[in-house]
**Student:** 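Let me begin by handing over the structure; questions about it come next.
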Amino acid sequence: MSATGGTQMVDTQITEAQDIDTQSDAQRTLHRVFGYETFRGAQGDIIEHVVAGGDALVLMPTGGGKSLCYQIPALVRPGTGVVVSPLIALMQDQVDALRALGVRAGFINSTQDFDERRTVEAELLAGELDLLYLAPERLRVEATLDLLSRAKISVFAIDEAHCVAQWGHDFRPDYLALSLLGERWPDVPRIALTATATDATHREITQRLVMPDARHFVASFDRPNIQYRIVPKSDPKKQLLTFLKEEHDGDAGIVYCLSRASVDKTAQYLSDNGIQAVPYHAGLDAGTRAVNQSRFLREDGLVVVATIAFGMGIDKPDVRFVAHLDLPKSVEGYYQETGRAGRDGLPSTAWMAYGLQDVVQQRKMIQGSEGDEAFRRRAAAHLDAMLALCETASCRRAQLLGYFGQEATAENCGNCDTCLTPPKTWDGTVAAQKVLSTVVRLQRERGQKFGAGQIIDILLGRRTAKIIQFDHDALSVFGIGEDLSEAQWRGVARQLLAQGLLAVEGEYGTLVLTEASGEVLGGRREVRMRTEPEKPARAASRSGPKKSGGAAAAADLPPEALPVFEALRAWRAAQAKEGGVPAYVIFHDATLREIATVRPGSLEELATVSGVGENKRAKYGEGVLTVLADLP
């Protein structure tokens, strides 16, 4: 992880003595509160800069430790840290997790009644809060601004800062007003954080939040523990079920679908086939959404099937997979969604089923959108980048990193499908010419436009009712494609759309030529294509098939530590249930793994385990030692 300059970079100058004090204060807080010995990557530099009063823009992948970058400055600097977050539904869990660490945290949002809100406001004004969470819309209310003006503020943290980007994948209008923080509190440092931003989004965040003097810290976007896999779509629900049964049976995960109807049907299908699954989308009543989200956070091995409205800010560390049954609209969205897997650093999978209809549907949605031409161009560019990731024959990780302006450390990452089972490519120029010629003849000879299904039926020489109705068996191209299967022709059509050699038109998704089509028809351009597998093979999972929940967490533990780890997990589950909090709020799996391995015999020895801070040691230490003492 390294600090890099943005449009402008100003380093706050501090004395050497101040630097030493800042580092030691932050380091002591890291160990005392969070139970960690050292900072990861640029965390220490970021924290030092913000504690000294400097503004910062932080780009760090999900699970990279962004929250510490504002939590520790809030604890070290005098006053209360104010965290601006769009995640109202998760504020209670975020506050519970901090309170478990002994941090005085609170929130103000629309879910509270008058008395609850007044209590938090009084705590803020009395200096009894270390951190206060607010939704961005609260800062458009003058009463909230007046409240903050009467308090001592240590730092403003703007979480999910990509929401300020109007061309981004998750724009929130209320974020545009956050520039007022610098105007009204010019002496309070601001730190804007996001897991997903291209260089353009990066610049837009800086501009819209008016942070010209912010120091920019950009971490590597690589998540080496995530295995990226994209498979040809045939029967997506069945493919998903096979993937879960063979590799992630009993694991927690998220499945993303484009429509609410697809979410409901997929969740029901998984439930009917022995997978614990619940739906999540905006069409469900608020109570059902809250219950399903709470279950996902608190229960082991639950699968949530959701639209992209679900997942932002979810801190659950043991999500073992993220699956997409529909093509995401952008690489940014895909990266952020897949990043919700494996926050604990253990092996996890990003799996997607992708096919011809995905491309047709996305192209059609762009053409039919209500945005202006500039919006459609941006949306098309986002889609093109996503299609390039899907169709690449080289390392997917390298393609993903390249999109964010970073170079891969190796040509072969060893943990994506194209590296594990390199795809073959072939000269698809003749096949492309056959498809394009069929489109040309339909349009020029008949004045007709059809979708991919009819084009493929013509090429395969099928005398369907529709072929006979339109006399398409009289076309000179009828039957000229019998050398390829239907699945292969669908792959050809999909790749022509992805390469911009075909376009989608109208509400029925008919295929038309593009400006580049003539080069292929005229033999002036070669078309390379990925070979379509007849039956998609499962890429070898680095961690092997999962047979039960928690298998990834237990992987590589010494045999004698396995029963200890399982006993600790059972104890943790009971503690979480009693406290009404997610299990990871008690201890992360990584902490339980270390306890199971070293088997500390005293509170002093337990204090040396990563993730065991003072408050957790005082609250749970005796319970852990009792579990260990009761084991053979």
Side-chain angles (χ1 to χ4, degrees), residues 1 30 34-41 43 60-69 71 90 93-94 97-98 100-101 195 219-228 247-248 250-254 296-304 311-323 335-351 415 541-544 546 548-557 561-562 564-566 568-573 575-576 581-598 609-613 616 620:
M1 190 184 304
L30 177 71
F34 300 95
Y36 300 115
E37 291 295 332
T38 58
F39 290 111
R40 279 194 287 164
Q43 280 180 330
M60 191 178 288
T62 302
K66 290 188 297 296
S67 57
L68 282 180
C69 295
Q71 289 169 350
L90 290 169
D93 286 320
Q94 291 169 326
L98 285 167
L101 294 165
S220 170
F221 285 90
D222 191 16
R223 295 284 303 280
N225 62 307
I226 295 180
Q227 184 181 100
Y228 296 98
E247 299 181 54
H248 289 286
D251 284 341
I254 305 172
F296 179 67
L297 291 171
R298 287 163 172 76
E299 295 181 20
D300 286 334
L302 189 69
V303 175
V304 169
M312 185 190 292
I314 291 288
D315 290 330
K316 187 175 175 65
D318 60 345
V319 176
R320 294 273 66 88
F321 68 89
V322 169
Y335 175 80
Q336 188 176 66
E337 288 147 21
T338 56
R340 289 157 190 163
R343 292 171 62 98
D344 53 11
L346 295 173
S348 305
T349 312
W351 181 93
N415 200 31
S541 175
R542 186 176 65 180
S543 57
K546 313 290 192 304
S548 63
D556 301 325
L557 277 175
L562 286 173
V564 184
F565 176 72
E566 292 301 336
L568 289 168
R569 288 183 80 233
W571 167 84
R572 181 184 63 179
Q575 294 294 315
V581 296
Y584 61 81
V585 168
I586 310 297
F587 287 120
H588 282 198
D589 277 342
T591 300
L592 296 189
R593 282 170 56 92
E594 187 173 345
I595 293 172
T597 302
V598 302
V609 174
S610 182
V612 183
K616 287 194 176 182
Y620 303 116

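Along the sequence shown, residues are numbered consecutively beginning with 1. Remember, it's a predicted structure, so these values are computed and weren't measured experimentally. Hydrogens, waters and symmetry mates are skipped; everything else that's a heavy atom, side chains included, is used.
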**Student:** Going by heavy atoms in the side chains, are Arg569 and Leu592 under 4.5 Å from each other?
**Tutor:**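 A side-chain contact exists here, since the closest heavy-atom pair is under 4.5 Å.
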**Student:** Would you call the rings of Phe587 and Tyr620 parallel, tilted or perpendicular, taking 30° and 60° as the class edges?
**Tutor:** perpendicular
**Student:** Going through the distances and angles, do Arg298 and Asp93 end up as a side-chain contact (heavy atoms from CB on, under 4.5 Å)?
**Tutor:** CA-CA 10 Å; Arg298 287 163 172 76; Asp93 286 320; 3.0 Å; yes
**Student:** Can you name the residues that form a ring pair (Phe, Tyr, Trp, His ring centres under 6.0 Å) with Tyr228, not counting sequence neighbours?
**Tutor:**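 Scan of Tyr228 (ring pair (Phe, Tyr, Trp, His ring centres under 6.0 Å), adjacent residues dropped) gives none.
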**Student:** Measure the shortest side-chain to side-chain distance between Cys69 and Met60 over non-hydrogen atoms and say whether it is less than 4.5 angstrom.
**Tutor:**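 The answer is yes; the side chains approach within 4.5 Å.
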**Student:** Which atoms form the tightest heavy-atom contact between Gly611 and Thr591, and what is the distance?
**Tutor:** CA-OG1, 3.8 Å
**Student:** Side chains of Asp318 and Asp300, heavy atoms from C-beta outward: is any pair under 4.5 Å?
**Tutor:** yes
**Student:** Shortest non-hydrogen contact from Ile226 to Ala350?
**Tutor:** CG2-CB, 3.7 Å
**Student:** Is it the case that the side chain of Thr349 and the backbone of Trp351 share a donor-acceptor pair, with hydrogens and angles ignored and the cut-off at 3.5 Å?
**Tutor:** no
**Student:** How long is the gap from OH on Tyr584 to CG on Asp589, to the nearest 0.5 Å?
**Tutor:** 12.5 Å
**Student:** Of the non-hydrogen atoms in Phe296 and Gly253, which two are nearest, and what is the gap between them?
**Tutor:**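 Smallest heavy-atom distance, with atoms named: CE1-O, 3.5 Å.
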**Student:** Please list, chain by chain and in numerical order, all residues satisfying salt bridge (charged side-chain N to carboxylate O under 4.0 Å, His left out) with Glu594, sequence neighbours excluded.
**Tutor:** none
**Student:** Would you please name every residue forming a ring pair (Phe, Tyr, Trp, His ring centres under 6.0 Å) with Tyr36, sequence neighbours left out?
**Tutor:**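 Tyr36: no ring pair (Phe, Tyr, Trp, His ring centres under 6.0 Å) contacts found.
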**Student:** Not counting sequence neighbours, which residues clear side-chain contact (heavy atoms from CB on, under 4.5 Å) with Ala583? List them please.
**Tutor:**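 By the side-chain contact (heavy atoms from CB on, under 4.5 Å) rule, Ala583 matches Arg572, Ala576.
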**Student:** Counting only N and O atoms by type, is there a donor-acceptor contact under 3.5 Å from the side chain of Gln43 to the main-chain atoms of Gly65?
**Tutor:** yes
**Student:** May I ask you to decide if Gly342's main-chain N or O and Asn225's side chain share a donor-acceptor pair within less than 3.5 Å?
**Tutor:** yes
**Student:** Which atoms form the tightest heavy-atom contact between Arg343 and Lys316, and what is the distance?
**Tutor:** CD-O, 3.5 Å
**Student:** Please confirm whether the backbone N or O of Pro347 pairs with a side-chain atom of Arg320, one donor and one acceptor, at under 3.5 Å?
**Tutor:**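 It does hold such a pair.
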**Student:** Once ring pair (Phe, Tyr, Trp, His ring centres under 6.0 Å) is applied, do any residues pair with Phe34, and if so which ones, sequence neighbours excluded?
**Tutor:** none
**Student:** Search all heavy atoms of Ala195 against all heavy atoms of Tyr335 and return the closest pair with its distance.
**Tutor:** O-CE2, 3.2 Å
**Student:** So do Lys616 and Val609 actually touch side chain to side chain, heavy atoms under 4.5 Å?
**Tutor:** no
**Student:** Report the C-alpha separation of Leu568 and Arg593 in whole Å, then their side-chain angles, then the decisive distance to 0.1 Å, and conclude whether the side-chain contact (heavy atoms from CB on, under 4.5 Å) test is met.
**Tutor:** CA-CA 9 Å; Leu568 289 168; Arg593 282 170 56 92; over 6 Å; no
**Student:** Measure across Arg223 and Gly339 and return the closest heavy-atom pair with its distance rounded to 0.1 Å.
**Tutor:**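 For Arg223 versus Gly339, the nearest heavy atoms are NH1-O, 3.0 Å.
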**Student:** To the closest 0.5 Å, what do you measure between CD (Gln227) and CG (Asn415)?
**Tutor:**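 Spacing of CD (Gln227) from CG (Asn415) equals 4.5 Å.
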